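In this text, all values refer to a predicted model and were calculated from it rather than measured experimentally.
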Amino acid sequence: MPGFTSMELTAQAALLAVRDAGLTLPEVDALFICQPDDFFSGLSFAEYLGLQPRYTDNNRTGGSAFMSHIAVAAMMLDAGYIDCALIAYGSNQRSNGGKLATRISSNQWDAPYAPLFPLTSYALATARHMHEFGTTREDLAAVALSARAWANTNPEAFAKGPLTLEDCLSARMVSTPISVRDCCLVTDGAAAIVLTRTTRARDLAKRVVPVLGAAAATWWNSIAQAPDVTVTAASDRARGRWRWPASYPGTSARRSFTMPSRSIRSFSSKTSASAPRAKAAVS
């Protein structure tokens with residue numbers, strides 16, 4: 001979307017989400033946002049929308065930030081601290097340079113090796129996963145092929161068209177064993193969701209989508225500090241906290257690089273805790 005800043009894209013998505021929910025912007029009293037180019041995006045977002053919210057959250061944990069935002073917003077709604085949360089994000093990285101825009105830098109121990117962020121970390125984890133579990137490049141390619149198949153059904157997808165296993169295996173290597181076909185795309189776009197209490201959401205314009213549970217944890221920032229690069233905090237936070245209904249066909253996950261998607265393990269058969277009663281709803 002050439003010609004728009006990240007904040008302009010974010011605001012467009014936010015306004016559409018609020019309108020779609022049957023609410024008005026002044027009814028929003030909490031903002032959750034994490035922009036690629038603004039470390040104070042919570043303040044900037046409130047200023048841009050002309051709001052004085054009770055609470056703003058700019059928690060930055062990469063692509064999972066918005067999952068944490070949902071968890072915090074749901075707890076604040078349950079506590080009565082806020083009445084309506086707006087969670088939003090926007091990026092113009094494709095039209096504003098065509099590559100990942102980030103102000104994140106390596107720590108003093110990693111910097112001498114000039115790692116590519118975040119690619120080098122994924123490559124290290126992938127190499128270890130291959131060594132320990134026998135994962136192959138064909139396994140990674142299967143994720144890219146699946147993603148492309150879904151993209152071909154979406155008229156607005158950025159990368160479409162035929163993609164074969166051979167295309168993936170012969171693709172240019174960027175950080176061994178990760179090739180360009182294993183990498184996350186850099187695109188323009190924006191999205192937003194509105195959260196309010198379930199009792200209120202029932203009276204709004206859209207069908208209620210309850211938040212049944214949420215969990216988050218932080219183990220490390222630099223992958224060099226990970227005791228096991230094939231395991232993330234999700235394995236701990238999921239254990240004992242979720243139980244999917246037997247009729248539920250599966251789970252969906254955010255796909256960035258092919259490796260995280262490939263290493264996701266189903267935990268429905270390993271957990272026994274009931275999901276908490278819905279306290280908030282997405283509208």
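Looking at T126 and T135, their side chains never come closer than 4.5 Å, going by heavy atoms from C-beta outward. Counting only heavy atoms from C-beta outward, the side chains of L23 and R200 approach each other to under 4.5 Å. Between C184 and Y122 the shortest side-chain heavy-atom distance does not fall below 4.5 Å. Using a 4.5 Å cut-off on side-chain heavy atoms (C-beta onward), E8 and Y48 make contact. With contacts defined as side-chain heavy-atom distances shorter than 4.5 Å, the pair I193/I70 qualifies. Taking 4.5 Å as the limit, every side-chain heavy atom of V28 sits out of range of all side-chain heavy atoms of P53.
The CG atom of L163 lies 4.0 Å from the SG atom of C168; values are rounded to the nearest 0.5 Å. Here L145 contributes atom CG and W150 contributes atom CH2; the two are 14.5 Å apart, rounded to the nearest 0.5 Å. Between L31 atom CG and S41 atom OG the span is 10.0 Å, to the nearest 0.5 Å. Note that the CZ atom of F32 and the CG atom of N58 stand 11.5 Å from one another [nearest 0.5 Å]. In this structure, R128 CZ and T230 OG1 are separated by 7.5 Å, a value rounded to the nearest 0.5 Å. Atom CZ of F45 is separated from atom CD1 of I33 by 4.5 Å, given to the nearest 0.5 angstrom.
More than 12 heavy-atom neighbours from other residues, nucleotides or ligands sit within 6.0 angstrom of CD on E138. Counting heavy-atom neighbours within 6.0 Å of N221 CG, excluding the residue itself, gives a total of 12 or less.
Put simply, the side chain of N92 never gets that close to the backbone of D188: no donor and acceptor are under 3.5 Å apart. The closest donor-acceptor contact from the side chain of D139 to the backbone of T136 lies under 3.5 Å. Under a 3.5 Å cut-off, the side chain of D182 and the backbone N or O of S179 do form a donor-acceptor pair. In this structure a side-chain-to-backbone donor-acceptor pair under 3.5 Å is present from T10 to G90. Judged by distance alone, with hydrogens and angles left aside, the side-chain atoms of N152 form a donor-acceptor pair with the main-chain N or O of G161 at under 3.5 Å. Proximity of a side-chain donor or acceptor of R172 to a complementary backbone N or O of V180 within less than 3.5 Å is not detected.
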(request) Please report the C-alpha distance between D38 and S6 in whole Å, then the side-chain angles of each, then the deciding distance to 0.1 Å, and finally whether the side chain to side chain contact (heavy atoms under 4.5 Å, CB included) criterion is met. (result) CA-CA 9 Å; D38 185 355; S6 293; over 6 Å; no
(message) Set out, in order, the CA-CA distance, both residues' side-chain angles and the distance that settles side chain to side chain contact (heavy atoms under 4.5 Å, CB included) for S44 and Q35, then state yes or no.
(response) CA-CA 10 Å; S44 302; Q35 296 293 84; over 6 Å; no
(request) Could you walk me through whether T196 and E27 pass side chain to side chain contact (heavy atoms under 4.5 Å, CB included), step by step? (result) CA-CA 10 Å; T196 189; E27 293 178 273; over 6 Å; no
(request) Carefully, step by step, assess M130 and L140 under the rule side chain to side chain contact (heavy atoms under 4.5 Å, CB included). (result) CA-CA 10 Å; M130 288 177 165; L140 303 184; 4.0 Å; yes
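The heavy-atom pair separating A190 from A13 by the smallest distance is CB-CB, 3.8 Å. Summarising the geometry of Q93 relative to P36, their closest heavy-atom pair is NE2-CB, 4.1 Å, with the distance given to 0.1 Å. In terms of heavy-atom proximity, S106 sits nearest to D110 at CB-CB, 4.0 Å. Shown here for K160 and N154, the closest heavy-atom pair between the two residues is CD-O, 3.4 Å. Annotation for C84 and L77: closest pair N-CD2, 4.0 Å, computed over non-hydrogen atoms. Here the closest non-hydrogen pair linking G22 and L204 is O-CD2, 4.4 Å.
By the criterion of side-chain heavy atoms lying less than 4.5 angstrom apart, applied directly or through intervening Ile, Leu, Val, Met, Phe, Trp or Tyr residues, M7 is grouped together with V18 in one hydrophobic cluster. The cluster map of Ile, Leu, Val, Met, Phe, Trp and Tyr, joined by side-chain heavy atoms under 4.5 Å apart, puts L16 and V194 in different clusters. One hydrophobic cluster, built from ILVMFWY side chains closer than 4.5 Å, holds both V229 and W219. A continuous path of ILVMFWY side-chain contacts below 4.5 Å connects L124 to W220, so both sit in one hydrophobic cluster.
A salt bridge links D83 with R197: the distance from a Lys NZ or Arg NE/NH1/NH2 to an Asp or Glu carboxylate oxygen falls below 4.0 Å. D167 has no carboxylate O lying under 4.0 Å from a charged side-chain N of R181, or vice versa, which leaves the two without a salt bridge.
Aromatic ring orientation, H69 versus F66: perpendicular (interplanar angle above 60°, classes split at 30° and 60°). A perpendicular orientation is assigned to the rings of Y55 and Y81, their planes being inclined by more than 60° (bins at 30° and 60°).
Checked against side-chain contact (heavy atoms from CB on, under 4.5 Å), L116 has the following partners two or more places apart in sequence or in another chain: L119, T120, V174.
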